[in-house]
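The chains referred to below are lettered A, B, ... by the order of the sequence lines, with proteins before strands, and numbering in each begins at 1.
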There are 2 protein chains.
Amino acid sequence: MDNDSSGRLVAALREWVANAPAGARLPSSRALCAEHGVSPVTVAKAVRTLAALGLVESRPGVGTFVRLVRTPRPSDHGWQTAALGAPHGRLSRTSGTQRAVPPDAIGLHSGYPARELLPERLVRAAITRAARTEAALTRAPADGLPELRAWFATELAAVAPVGVTPATARDVLILPGSQSGLSSIFRAVVGAGRPLLVESPTYWGAILAAAQAGVDLVPVPSGPRGPDPDDVARAFEQTGARAFYAQPTYANPTGAQWSEQLRLDVLGIVRQHGAYLVEDDWAHDLAIDTEPSPVAALDDDGHVVYLRSLTKSVSPSLRVAAVVARGPVRERILADRGATSMYVSGLLQAAALDVVTQPAWRSHLRSVRTQLRARRDLLVDALREHVPDALLEHVPSGGLNLWPRMPDGTDLAQLARECEVRGVLVAPGDEWFPAEPAGPYVRLNFSGPDPERFREAARTIAEALRSLP
Amino acid sequence: MDNDSSGRLVAALREWVANAPAGARLPSSRALCAEHGVSPVTVAKAVRTLAALGLVESRPGVGTFVRLVRTPRPSDHGWQTAALGAPHGRLSRTSGTQRAVPPDAIGLHSGYPARELLPERLVRAAITRAARTEAALTRAPADGLPELRAWFATELAAVAPVGVTPATARDVLILPGSQSGLSSIFRAVVGAGRPLLVESPTYWGAILAAAQAGVDLVPVPSGPRGPDPDDVARAFEQTGARAFYAQPTYANPTGAQWSEQLRLDVLGIVRQHGAYLVEDDWAHDLAIDTEPSPVAALDDDGHVVYLRSLTKSVSPSLRVAAVVARGPVRERILADRGATSMYVSGLLQAAALDVVTQPAWRSHLRSVRTQLRARRDLLVDALREHVPDALLEHVPSGGLNLWPRMPDGTDLAQLARECEVRGVLVAPGDEWFPAEPAGPYVRLNFSGPDPERFREAARTIAEALRSLP
């Protein structure tokens, strides 16, 4: 491509420089013009090129020399401050829940279940099978593999009451994880500068996605029974919001499951305000004492935009989620997904579908239920025995977390540090509040590794509490 | 959970309804109060719940009846129009390049290479091996697997000239495909309402990502040799832009590869304006006659944000890309990625790394080069022979596409339709222009299936051209 005279001269001089000792002086411009049959302009341009490449340096009035020192120079990125400007939202780098666990520490801070709660054999076999399919080498459709979309639709249709037209595969979009779904839904359904109701506390990833999408959060207090419908109605009326993001089943962090009455009440309020309920059914596969009963199953007017992920129940590596959205809202979300990522790896979709359609998947879910119950009860007992000052307002019927309230005035950041130096990681509750925290809560994941060390962890938390001033 | 009196009554009545014939009348409110020991308010609430579930209907003054007709009712999504408002950008649903090919048709419209150009055996073996690793069951770090990050850095460092401190694994972020990268970079580096220079024509996916991010596109004319540096400088001066998105190597759609002089000139201009060059090295593995020579290799001040994807050369299913960004800009992009998708499937990362570190990967790339050359030459010859009216300003030295200009006044949409009814899919060039098209171009992918039918395709295009009014 580069066959103009300047390019040829640069190539010739690069070769010359490569064979010359450091500090050697280049022939004069006049000599180079004569030797290569080019103009002084061309020589000057070529020398600038070599200088830009770091090969030579020019000393005005003296000459041009092969560069002496070729050591890396310290990078100067100061100019970027002006180019980037101030960040537009509160996008913290990563959540504390994503920190790695030091060896020998007990990790109660993470948002994921331990390895032993995953269907390891099913996952490995499914990936191996998917490696042999067409999905390994082809582009998946923009809205996902039809069979996987049908599976998500069927899961929801199975719990739809008589009289409600259930969602179909047509209403489903496959996503590369539910965080991507939250981003797209908040951008497509709400939009920058517009209000979005959220439970408070609520999932920190949703707070983050909302900040990135530039939507204005309107917190609605929520506790062990979910939000008060009057609060929800009032927030809609006062703000003119068109959407409410909530986790009606085993909410993260509170563990609340909405009663049937509350599900119907909130659906009614949402309908009345011509609005959407963005239902994040994150813990659908993590039930313990009750059955998940999505609000989306009660709705056939498209008022519920339903999000379900397989990341936590199948494998964090088979990052596949689905949104069920009916009517124009699905197209709006699909357009956002197209601009954001075009399609989801067909390999991940094929493998995830393989896992959840194996007969062993159902027995795996039953085993997870038993293990979650045992772990939850262990941690509850340990807390009640060793940390009587921690108030457990609610024992969740599913999900992965306890949400105890520490004594009033507890400095959570310091508590977390005091726990950490003693080898226990806990997640201060502040991250789950869209505004000021309602109290000094911590989130404790009972699905992590080492349940046999829960008593030790509880004693450590008690000790850390006592060490605070 | 639902053990209040209303909940108990709903449960009892659901059972009653389930055993009653359609049209049966519910016991009166008074009878229900007596039977269940509840208040009339509770009964009314329970009946409303049953009605919301679609199980009964109330006829005022008559009574409440088990619903007769349980057929699906037509969905009414009209209310969503008000809730969603007008869309904020030009987000077309999907590009014409993503259409499926009907049986027997010749697809020259797609953006992807044919199956036979992919390293099928390497991909299947790599996935099978990855299924056995830890990556299949664990969460990957937010910025990607360290080994894969190191591989991308090394690829770039290998072509860095003396005197330039090459990028390292620390500067790399792994992404789930380059489209996600464009979205994040445009949001994080440019931001809504701020200007971004782009070549015109340029990759349609970048236009789409920019529209979604709400950035204002500033087109800079670009042809077979890339843009004129004076145009680039002027656009920076006039708009105060801080970024220029470009494809300096085998640009999509023009096929242009920037000369070394142009690379240095643009880098100098970008430096002078304290700005970023967003270099999309999409065709790095798709060279034919020349070697890719990224601008990013010349830069160690962080002025180039470099994007490279393995989707087209490894497999569309191993959707893995990387951004190399030095200085604070990397943190800014990482924060956006965190809010958008948290992390990329470790399975995909491990499999992609496996493929590109096999000795057979290099020989595969050599074979792809040979095949691309043969296909390109076939299509060029066919066009020159059969479609003399199509002006081929440039025969690209790499990439997947030809970009012929049709006779002035050609109605591209109609040409595409006339081709399609005759069994050939072409991509009208309008999609690649951020503003009005500079001429009636079409993009023809020479890497699709059936190269032995390229002559037939060319004759069909000629016939379609003749059929236009």
Side-chain angles (χ1 to χ4, degrees), chain A residues 1-2 6 49 52-55 70 72 75 77 79-80 82-84 91 93-94 118 120 123-124 127-128 131 136-137 139 142 161-165 176-177 179-180 183 208-209 212 242 257 259-260 264 274 290 301-302 315-317 319 327-329 332 335 338-342 345-347, chain B residues 1-2 49 52-55 70 72 76-77 79-80 82-84 91 93-94 118 120 123-124 127-128 131 136-137 139 142 161-165 176-177 179-180 183 208-209 212 242 257 259-261 264 274 290 300 302 315-317 319 327-329 332 335 338-342 345-347:
Chain A
M1 301 290 296
D2 197 349
S6 169
T49 301
L53 288 169
L55 296 172
R70 290 176 177 176
S75 301
H77 298 138
W79 66 272
Q80 296 195 356
L84 289 172
L91 296 181
R93 228 196 95 174
T94 42
L118 298 176
E120 175 167 346
V123 168
R124 295 199 194 278
I127 298 170
T128 307
L137 287 147
R139 188 161 51 81
V162 177
V164 172
T165 310
Q179 189 67 21
S180 316
S183 281
L208 193 62
Q212 189 222 35
R242 294 294 199 149
Q257 183 178 26
S259 68
E260 179 161 21
L264 291 166
T290 57
D301 288 327
S315 163
S317 195
R319 241 169 128 40
V329 66
R332 194 63 72 87
T340 310
S341 75
M342 295 203 176
S345 161
L347 174 72
Chain B
M1 299 288 298
D2 197 348
T49 302
L53 287 168
L55 297 172
R70 289 175 180 177
D76 176 15
H77 297 138
W79 66 270
Q80 296 196 358
L84 290 172
L91 296 181
R93 228 196 96 172
T94 41
L118 299 176
E120 175 168 344
V123 168
R124 295 198 194 278
I127 297 170
T128 306
L137 286 147
R139 188 159 53 81
V162 177
V164 172
T165 310
Q179 190 67 22
S180 316
S183 281
L208 193 62
Q212 190 220 36
R242 294 295 199 147
Q257 183 178 27
S259 68
E260 178 160 22
Q261 190 59 52
L264 290 165
T290 58
D300 54 10
S315 163
S317 195
R319 241 169 127 41
V329 66
R332 193 65 71 90
T340 309
S341 74
M342 295 203 178
S345 160
L347 174 73

Novice: Under 3.5 Å, side chain of Q80(A) to main-chain N/O of V329(B), donor-acceptor pair present?
Specialist: yes

Novice: Assess the side chains of T340(A) and Q212(B): does a donor N or O sit below 3.5 Å from an acceptor N or O?
Specialist: yes

Novice: Between H77(B) and P328(A), which heavy-atom pair has the shortest distance, and what is it?
Specialist: CB-CD, 3.7 Å

Novice: Could you look at L84(A) and say if it's the side chain, the backbone, both or neither that has a heavy atom under 4.5 Å from chain B?
Specialist: both

Novice: So does D301(A) get a backbone contact from the side chain of W79(B), meaning a donor-acceptor N/O pair under 3.5 Å?
Specialist: yes

Novice: Under the side chain to side chain contact (heavy atoms under 4.5 Å, CB included) rule, collect the residues that match up with V123(B), sequence neighbours excluded.
Specialist: L137(A), P119(B), I127(B), V314(B), S315(B), L318(B), V355(B)

Novice: Does a side chain donor of either T49(B) or E260(A) reach within less than 3.5 Å of an acceptor in the other side chain?
Specialist: no

Novice: List the residues meeting side chain to side chain donor-acceptor pair (under 3.5 Å) with S180(B), not counting sequence neighbours, and say none if there are none.
Specialist: none

Novice: Output the option from G177(A), S183(A), G346(A), A83(A) having the highest count of non-hydrogen pairs under 4.5 Å with chain B.
Specialist: A83(A)

Novice: Looking at every non-hydrogen atom in both residues, tell me the closest pair between A339(A) and Q179(B) and how far apart they are.
Specialist: O-NE2, 2.9 Å

Novice: Hey, is the main chain of T128(B) close enough, under 3.5 Å, to the side chain of T128(A) for a donor-acceptor pair?
Specialist: no

Novice: Taking P316(B)'s backbone N and O only, do any of them form a donor-acceptor pair with S345(A)'s side chain (distance below 3.5 Å, no angle check)?
Specialist: no

Novice: Considering only heavy atoms, which portion of L264(B) lies under 4.5 Å from any heavy atom of chain A: side chain, backbone, both, or neither?
Specialist: side chain

Novice: Check whether R319(B) reaches the backbone of S341(A) with its side chain - one donor and one acceptor, N or O, closer than 3.5 Å.
Specialist: yes

